[in-house]
Amino acid sequence: MSIQKPKGTQDLLPGEIEKWQYVEAKARELCKRFNYREIRTPIFENTELFQRGVGETTDIVEKEMYTFEAKGDRNKPLSFSLRPEGTAGVVRAYVENKIYGEPDISKLFYIGPMFRYEQPQAGRYRQFHQFGIEAFGSVDPSIDAEVIALGYTFYSELGIQNVTVDINSVGTPACRDIYKQKLKEFFTPVKDQLCSDCQSRFDRNPMRILDCKKDQKLGEGAPTILEYLDEECTVHFAAVQEHLRAMNIPFQINPRLVRGLDYYTHTAFEYKAAGIGAIDTIGGGGRYNGLVGQIAGGNNDQPGVGLGLGLERTLLILQAQNVELPSEKLLDVYLIGLGEAAEKEVTKQLQLLRLAGVKAEKDYLGRKIKAQMKSADRYKATFVAILGDDELSRGEITVKSMANGEQQTMLLEQLVTGMLEKI
RNA sequence: GCGGUCGUGGCGAAGUGGUUAACGCAUCGGUUUGUGGAUCCGACACUCGAGGGUUCAAUUCCCUUCGAUCGCCCCA
């Protein structure tokens with residue numbers, strides 16, 4: 001058996017990659033309009049960064065990281081991990097490069113691969129790609145709303161329909177502690193009836209029980225976090241909604257929305273769309289006040305808010321909704337040379353055309369003219385230019401339109417300018 | 001980590017315990033000695049994911065393994 005790609009990874013081949021390029025170009029262009037600037041951070045980081053940043057007890061850190069040892073000191077080898085998400089690395093770079101020292105708030109975006117050791121299924125891979133943004137330095141609710149709006153705009157400008165935005169406030173750690181206590185009290189009488197997963201969630205993270213599909217009924221009537229938000233959190237959450245309404249971003253409040261990463265405070269949100277098997281979340285994010293300080297080691301704490309969107313999921317939804325992405329034609333002109341002298345001239349003209357910006361191609365398999373015509377047709381070339389000995393001797397070339405079959409003769413020396421006019 | 005389904009040429013897809021593994025698409029060649037998208041003709045799998053077992057005989061039965069896919073958990 002020849003070597004195969006690792007499970008859960010994929011080769012993006014010509015034919016498919018154009019869609020990726022289009023989607024990524026959309027992301028970059030959108031970020032320009034919203035004034036977010038690109039940042040590229042390493043694909044692996046010290047394992048500790050993710051342990052501290054993502055959260056020691058999250059599934060991601062507990063069982064989904066690709067961690068490896070590297071040479072360090074004899075006694076203390078270094079432990080690195082492939083990044084399972086984008087925020088921790090960006091926060092690290094923000095702190096390490098003292099970007100907080102700049103006068104304005106920092107608005108950054110990234111596009112790149114992430115890695116999680118999980119069982120693949122529809123819309124889930126071990127190497128997947130995210131487009132994400134992070135805004136550091138402001139607690140203003142309008143920036144929460146801006147982040148949500150950027151993600152929503154991304155989907156809508158790609159032509160994706162029926163994306164819903166769920167938002168919630170997960171408060172501060174202080175209100176969350178009170179709420180978790182109340183939640184435990186609520187579930188205590190029925191604790192034995194909870195599923196085994198939820199039994200363990202009861203102690204570790206009771207908020208997750210509300211997410212459980214099996215225990216929906218038991219969770220009915222449970223208190224919501226919104227009832228336990230303090231004054232500041234309530235005001236912030238209301239203001240985020242105001243700004244969303246002002247921007248005409250549709251949303252719904254989902255008090256049961258809990259995210260899988262520990263670092264969120266205040267705003268949490270998810271984008272959902274149907275069409276990828278059992279998966280409906282295509283992106284999400286939230287505010288993470290305190291995370292920067294935690295990663296910086298207590299100094300230079302700065303508030304932040306961001307999002308991460310799954311690119312595979314975006315493409316799957318585009319496919320599910322039959323969205324046609326604009327595609328570029330491959331060739332303007334296909335050159336056919338008949339005979340040795342003509343072929344040499346074709347090589348010369350090919351280069352001249354390419355230098356002039358014309359997408360041009362020729363045959364490299366020694367095929368007959370008919371086969372070359374077919375090849376030109378497959379490439380969807382707009383024109384075919386045929387050069388035989390007789391044309392060559394007159395210093396001319398025959399140019400044929402593949403759309404209507406019309407042919408005309410051009411002077412060889414005018415081929416480049418002629419093609420530039422036609423395309 | 002657990003469970004379901006699947007694995008035949010570039011792609012799609014039949015098939016059977018036994019000396020030629022259908023068919024369709026695509027490709028290549030010819031019909032048209034310099035012209036595509038139509039028709040017709042022809043070519044194209046020492047081989048049925050890999051390894052092992054049962055058998056006189058296995059692509060077809062059994063086991064293992066790898067992979068794909070879908071789902072659970074969780075998430076992008």
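We use all heavy atoms of the structure for the numbers below, so side chains are in, but hydrogens, waters and symmetry mates are not. Numbered from 1 within each chain, the chains take letters A, B, ... in sequence-line order. A quick note: this is a predicted structure, and the numbers were derived from the prediction, not measured.
Distances were taken from every side-chain heavy atom of A:Lys370 (C-beta onward) to each of B:C28, B:G71, B:G36; the shortest belongs to B:G36. With B:U35, B:A76, B:G1 as the choices, the nucleotide that has an atom nearest any side-chain atom of A:Arg116 turns out to be B:A76. Among B:G67, B:U35, B:C28, the nucleotide with an atom closest to any side-chain atom of A:Arg367 is B:C28. When distances are taken from the side chain of A:Lys368 to each of B:A76, B:G37, B:G30, the shortest belongs to B:G30. Among the nucleotides B:G29, B:G37, B:G71, the one closest to the side chain of A:Ala371 is B:G29. Here the nucleotide nearest the side chain of A:Lys400, chosen from B:C72, B:A76, B:U35, is B:U35. Here the nucleotide nearest the side chain of A:Asp377, chosen from B:A76, B:G71, B:G37, is B:G37. Distance from the side chain of A:Gln121 is smallest for B:G71 among the nucleotides B:G71, B:G37, B:U35.
Residue A:Tyr117 is classed as a sugar-phosphate contact, given heavy-atom separations below 4.0 Å to backbone atoms only. The residue A:Glu312 sits apart from the nucleic acid: no heavy atom pair falls under 4.0 Å. Base engagement by A:Ile386 is indicated by at least one non-hydrogen atom pair under 4.0 Å involving a base atom. Nucleic acid contact for A:Ala376: none, since no nucleic acid atom lies under 4.0 Å from a heavy atom of the residue. If you check every strand for non-hydrogen atoms under 4.0 Å, A:Gly283 touches sugar and phosphate atoms only. Looking at heavy-atom distances under 4.0 Å, A:Glu391 makes contact with a base.
Relative orientation of the A:Phe44 and A:Phe80 rings is perpendicular, given thresholds of 30° and 60° on the angle between their planes. Under the 30°/60° scheme for interplanar angles, the aromatic rings of A:Phe34 and A:Tyr36 are found to be tilted.
Looking at heavy atoms from C-beta onward, A:Ile167 lies in side-chain contact with A:Ile148 at the 4.5 angstrom threshold. In this structure the side chain of A:Gln181 never reaches within 4.5 angstrom of the side chain of A:Tyr228, judged on heavy atoms. With contacts defined as side-chain heavy-atom distances shorter than 4.5 Å, the pair A:Asp166/A:Lys272 qualifies.
A donor-acceptor contact under 3.5 Å is formed by the side chain of A:Gln407 with the base of B:U35. A donor-acceptor contact under 3.5 angstrom links the side-chain atoms of A:Glu118 to the base of B:A76.
Taking atom CD1 on A:Ile60 and atom P on B:A76, their separation rounds to 6 Å, with Å as the unit. Atom CZ in A:Arg313 sits about 7 Å away from atom P in B:A76, given to the nearest Å. To the nearest angstrom, P of B:C28 lies 10 Å from CG of A:Asp363. Distance, A:Asp59 CG to B:A76 P: 11 Å, rounded to whole Å. Between A:Asn404 atom CG and B:U35 atom P there is a gap of 18 Å when expressed in whole angstrom units. Rounded to a whole Å, the CZ atom of A:Arg126 is 9 Å from the P atom of B:A68.
B:U16 is unpaired under the Watson-Crick or G-U wobble criterion, no partner having all donor-acceptor distances under 3.5 Å. When both distances must be under 3.5 Å, the Watson-Crick or G-U wobble mate of B:U69 is B:G4.
B:C6 and B:U16 have their P atoms separated by 16 Å, with the value rounded to a whole Å.
By the 4.0 Å N-to-carboxylate-O rule, A:Glu157 lies close enough to A:Lys26 to be salt-bridged with it.
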